[in-house]
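In what follows, every heavy atom counts, from backbone to side chain, and hydrogens, waters and symmetry copies are set aside. Along the sequence shown, residues are numbered consecutively beginning with 1.
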Amino acid sequence: MPTCYLCPFWQGGTPQLERFTRAGYAVAVVDFRGTGASEGVKSDAFEKVEQDDIYDIIEQLADQQWCNGRVAVWGLSYGGITALRAATSGAPSLRAVVAIEGSTDPYSDEVARKGAVGLAMIIGEWSTMMLALTALPLTSPWLDPSAFSARLQAARPWHDAWTEHPHRDHYWQGREVDPATIDVPTLIFTGWRDTNVVGAWRDFAAINAPRRIICGPWLHGMPEGQEQAPVDSVALTIDWFDEHLRKVQPEATPAPIVSTYIMGADQWEFAEHYPAVPPTDRTLYLSDGRLSTGPSAAPSRVPVAFDATVGVAAGLGMAAAPRDQRRDVTRSAIFISDVLDSTLDIAGAPRISLSLVVAHLDVDVVAKLNDIAPNGHTTLITRGFQRLSNPPPYTGVPESREVADAGHQIEMDFDPTRYRLKAGHRLQLTLSAADFPEYWPQLSAAGYEVLVGPQYSSILHLPTVPTHDMTAPFELPAATRARENDRMVDQQVAVTLEENADGTEVVVRGGWLSKGRTVEGEPIELLHTYEISTHAHNPSATQLNTQTDIIVGATGELRTVRAACSLGPQGLSSTLRVIGNGIDEDRTWNTPWPA
């Protein structure tokens, strides 16, 4: 029977895996080199050696007597990244791939999206927790306990290296793969609210094989667990494997190549391309507080003041959906369209040209498009970001370091989207100089001015398509209520936002709690918490603190890990305490911010 190889760092559970076995697939869950019960050490993320390991694993699985030689790869998040890397590996036995919330470029799509190292999701939610997970001593009949000592000696907080290499330099070479070399059938799941949606669509466009993409209104995670429009991705994955491993043609209507959720209309759109039809460019000019069909008659300067707290309403791609944007809007420069007399369908990646006045390049330019309903409720459509000191291709070398009153011209893409504004609504553009806690606020605390008027190119370009109702004879399978996972229960610790009376100080808190049993049946509990704070006019007060506690085993045979990380303008500090399996060790890392 065919084999489904699942990638490491999988956060699902037994019920999903059992669905594959019931469908006739053998399942192998493989730990990366230096993680879990695998040999070796892992001191970093996205290591080039993983590409070779993926090839070897696929071919080794294909040689097992219980496998017919045809292998598929499926994974979520880091596993989705691994699935796409597998698709470029050239492994002869690989027949199909499914990647959920993954991408092929860990620099621009994961760690340093838009050229700036992420803060809340990337460090607060992820790398600090991985420091503890990768250091957990496990019991394994084939792994000598001394292997964990070597693992601890090689351990290092992943974000230490990322802050040392904030630009696309030699460190990142070999950690990415070329999606144009993907030559096996590939199915991609992503979400408009996920942080790596840009990479998912870029990868999809480059694939040279049968392909399909499903993009919902989702945060980072399994499509089954989403609050809005959840779908049964496991059923769709099994169908994909059946088609490309077993050559079983679907009995129902063939699935469309592109399935996109139209936010604002709350319906799915099915097509062979994205956008479904070639979009038309709708041009709007920035003037004093307005988005107009023509430039303003007189030139002027629109100030964009720095406020480090702007961004907290935009949500976290892994943990929280965007809220009403009015809190952030009041701290931003605003441009609003006339009331729409008909629907406006946006399909693609909007683009903005801006003529700026800046004193230096240590400035972040943040743009957001919002939908203002008649009752004032303001919904985030999409966002754009550019760090002037590190524009594309993110090598840390701006095209020009000259700044002058004549204007510093930039072009900036928003994240791709599919959104419908209804008649009676208004389109809003906001500009700010921070996007917290998505990114660390610039310590320069610098704002900028936008030049508007007939001689300046401050223009918003919207890719628009005709509005139409969907009548396609196809439906995505709705996510059914899965039976309770009898091994692990994951629970998100509520994300909270606290502000002082005048809104100048904010604290964001959140985390994860997992409780259950290991594959060997041992009780296990993981609690990860984080706290991120900043001050509107004093970005040097920005601070991130996290703590991860893992307890495995019964009384008298406990194995415990505690990892604590602190990041501030003074630098990065991390501690690791590991007890169990003959190990009793403390590690400490103190790293100053790079000059």
Under the side chain to side chain contact (heavy atoms under 4.5 Å, CB included) rule, collect the residues that match up with [X], sequence neighbours excluded.
X	result
T382	P350, L369, F414, D415, T417
A150	V41
A536	D307, T309, T504

Quiz item: Considering the options W240, F20, F241, which one meets the ring pair (Phe, Tyr, Trp, His ring centres under 6.0 Å) requirement together with W74?
Solution: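 Result: among W240, F20, F241, F20 is the only option passing the ring pair (Phe, Tyr, Trp, His ring centres under 6.0 Å) with W74.
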
Quiz item: Charged N to carboxylate O under 4.0 angstrom, R33 versus E39?
Solution: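 Answer for the salt bridge query: no.
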
Quiz item: Does R383 pair with D435 as a salt bridge, N-O distance under 4.0 Å?
Solution: yes

Heavy-atom check, side chain of [X] versus side chain of [Y], under 4.5 Å:
X	Y	result
M263	W192	yes
V177	L84	no
F436	V312	yes

Can you name the closest pair of heavy atoms from [X] and [Y] and give their distance?
X	Y	value
S574	H159	OG-NE2, 4.0 Å
A161	Y171	CB-OH, 3.6 Å
S259	R212	OG-NH2, 3.9 Å
Y261	G216	CB-CA, 3.9 Å
W440	L567	CH2-O, 3.4 Å
N590	S573	OD1-OG, 3.0 Å

Quiz prompt | Q51/S89 under side-chain hydrogen bond (donor to acceptor under 3.5 Å, both in side chains): CA gap, chis, key distance, verdict | solution = CA-CA 7 Å; Q51 184 78 355; S89 68; 5.4 Å; no

Quiz item: Can you check ring pair (Phe, Tyr, Trp, His ring centres under 6.0 Å) on W126 and W162, steps first, answer last?
Solution: CA-CA 13 Å; W126 185 44; W162 302 340; 5.8 Å; yes

Exercise. May I have the step-by-step check of side chain to side chain contact (heavy atoms under 4.5 Å, CB included) for R327 and V506, ending in yes or no?
Key: CA-CA 12 Å; R327 185 265 178 211; V506 299; 3.6 Å; yes

Who pairs with [X] by salt bridge (Lys or Arg N to Asp or Glu O under 4.0 Å), at least two apart in sequence or on another chain?
X	answer
D63	none
E47	K42
R151	none
D324	R326

Just checking, any donor-acceptor pair under 3.5 angstrom between side chains of [X] and [Y]?
X	Y	value
Y107	D169	no
Q60	Y55	no
D242	Y25	yes
T546	H528	no
S533	E505	no
S566	Q543	yes
T529	Q547	no
T104	R202	yes

Straight-line distance of [X] [atom1] to [Y] [atom2], nearest 0.5 Å:
X	Y	atom1	atom2	value
T35	L136	OG1	CG	11.0 Å
I123	T163	CD1	OG1	7.0 Å
S233	L187	OG	CG	8.5 Å
R559	F148	CZ	CZ	8.0 Å
L544	I532	CG	CD1	5.0 Å
F32	S38	CZ	OG	9.5 Å

Practice problem: Evaluate the criterion side chain to side chain contact (heavy atoms under 4.5 Å, CB included) for residue pair L380 and K368; output intermediate values, then yes/no. | Solution: CA-CA 7 Å; L380 177 67; K368 295 187 175 78; 3.9 Å; yes

Would you check if the side chain of [X] reaches a backbone N or O of [Y] as a donor-acceptor pair within less than 3.5 Å?
X	Y	value
R70	L245	yes
Y78	G102	no
T186	V184	yes
S77	G79	no
Q325	R323	yes
D328	A313	yes

Show every salt bridge (Lys or Arg N to Asp or Glu O under 4.0 Å) that has at least one partner inside [range], sequence neighbours left out.
range	result
residues 94-108	D105-R168
residues 526-535	R509-E531
residues 214-234	R19-D232
residues 562-584	D549-R562, R577-D584, R577-D586

Exercise. Would you check, one step at a time, whether the test side chain to side chain contact (heavy atoms under 4.5 Å, CB included) holds for L119 with V117?
Key: CA-CA 7 Å; L119 176 58; V117 175; over 6 Å; no

Practice problem: Can you sort out the partners of D364 under side chain to side chain donor-acceptor pair (under 3.5 Å), two or more places apart, ordered by chain and number? | Solution: R387, Q442

Self-check item: W201 and T190: CA distance, side-chain angles, deciding distance, side chain to side chain contact (heavy atoms under 4.5 Å, CB included) verdict
Solution: CA-CA 9 Å; W201 282 104; T190 190; 4.3 Å; yes

Quiz item: Taking it one step at a time, do E522 and R517 satisfy salt bridge (charged side-chain N to carboxylate O under 4.0 Å, His left out)?
Solution: CA-CA 5 Å; E522 294 180 294; R517 293 188 174 276; over 6 Å; no

